[in-house]
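Numbering of ligands and ligand atoms starts at 1, following listing order. Nothing fancy with the numbering, it's 1 onward along the sequence.
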Amino acid sequence: MKRIAILGSTGSIGTQALEVIRANPESFELEVITANSNADLLIAQALEFKPNAVVIARDEHYEYVRQALQHEDIKVYAGANALGSVVEMSTVDMVLTAMVGYAGLLPTIRAIKAGKQIALANKETLVVAGQLITELARQHAVNIYPVDSEHSAIFQCLAGEFHNPIEKIILTASGGPFRGRTAEELKHVTKAQALKHPNWEMGAKITIDSASLMNKGLEVIEAKWLFALRNEQIEVVVHPQSIVHSLVQFGDGSIKAQLGLPDMKLPIQYALGYPQRLKSDYPRFSFMDYPQLTFEQPDLKTFRNLQLAFDAMEKGGNMPCILNAANEVAVSAFLHDQVGFLQMSDILESCMAKVTYIANPSYDDYVNTDKEARRQAAALIGK
Ligand code: NAD
Ligand code: MG
């Protein structure tokens, strides 16, 4: 029986993780759930799963959640700091980081320091501070199990290959809703168009990141840290059907891939259940439904964010942290109709040029870099 804490239980990954836990009550027990502001869903989840503790990050909802759960044996906390405290509870074995953005960094650090195994969905944490996180995990003998479908695919390809070094990995990208468009055509695309992903239903931020290929850029950096790769070992190929979830090439030239229908419950379940493959009755993939699986080069000139992510990784230090902070501000501005689709790349590029570069950042440097980059990005937007 694994006892699980879910940071971000009300989101796309969080609710799908709860489906996995609901279907496997003999394998998992839910100890902690947390949400930012969706108090009603958090309460409904708490009443169904009876966790030990819940956290609502936004203080103003505390009284409402507390009253709704007052007849239950469930502790209710509020505030960002409580997210870090609940993951340290002795009854928690594994923490699923399914929050979105930089806010996931500190609770992930506290979970690792408390020796909790990590199922990592919150890729921004590894983009911002991959070196710090992976070093901490080593020190505390914590494993980080990938939830992102591409990284789960690579992890699954590596099973049984412990002594065989990776030659390179190939991350697949769907290409998003704007695959094949020119920069001219992208100038006036709307938020509604960007929010329509062809293959995956996800939270708003990652859906915009997928449309701009930023998501793939973040995943390149995520992969570097998860699998201890050199930059030149990471390739991206566009695969619009999202059936081949990613590939690993070994020293003999052989390539392994993991395939399946696009459904996040599969990688979530693999991370939570590892090393077991739990039985499921999700729909099965058939080649007859997909007679053609196609592959093409990503267009780095039109989708500049992916190139900027490669540049940030090459530069290292706090540059990926700058990239991430600028992107969080830019995506939020795009979702509020304050900037156009292509302006998001301008904001990233400008922040990467202007914010103070630090080659060997400490935790405090990351905190300050994040603040400075957000300030710069907001100034560019005129906010
Ligand atoms: P989402 O927006 O649907 O859900 C985010 C969750 O985090 C919600 O429960 C929300 O309440 C909580 N949250 C947001 N901001 C918070 C804050 N400041 N403090 C505390 N809690 C906060 O997002 P999602 O699509 O589930 O994505 C979550 C993470 O998983 C992201 O890092 C994303 O990149 C990654 N991911 C998602 C998918 C997917 O299919 N959705 C796939 C791979 C990776
Ligand atoms: Mg992914």
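Remark: K50 NZ is packed, more than 12 non-hydrogen atoms of other residues, nucleotides or ligands lying under 6.0 Å away.
The cationic atom of K315 (NZ for Lys, CZ for Arg) lies less than 6.0 Å from the six-membered ring centre of Y357 and within 45° of the ring axis. Under the 6.0 Å distance and 45° angle rule, K265 counts as a cation-pi partner of Y282.
Looking only at side-chain heavy atoms (C-beta outward), E372 and T356 come within less than 4.5 Å of each other. Side-chain contact between E19 and R22 is present, with heavy atoms from C-beta onward closer than 4.5 Å.
Protein residues with a heavy atom under 4.0 Å from ligand 1 are G8, S9, T10, G11, S12, I13, A35, N36, A57, L83, A98, M99, V100, A103, A121, N122, K123, E124, D148, M202, G203, I206, M264.
Under the 4.0 Å criterion applied to side-chain N and carboxylate O atoms, E124 and K205 are assigned as salt-bridge partners.
With values rounded to the nearest 0.5 angstrom, L136 atom CG is found 13.5 Å from R110 atom CZ.
Of all protein atoms, those of element N, O or S that lie under 2.8 Å from the Mg ion (ligand 2) number 3.
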Please evaluate residues F341 and F178 with respect to the criterion ring pair (Phe, Tyr, Trp, His ring centres under 6.0 Å), reporting the C-alpha separation (whole Å), side-chain torsions for both, the decisive distance (0.1 Å), and the verdict. CA-CA 11 Å; F341 189 77; F178 303 139; 5.2 Å; yes
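For the pair H245 (side chain) and G260 (backbone), a donor-acceptor distance under 3.5 Å is present.
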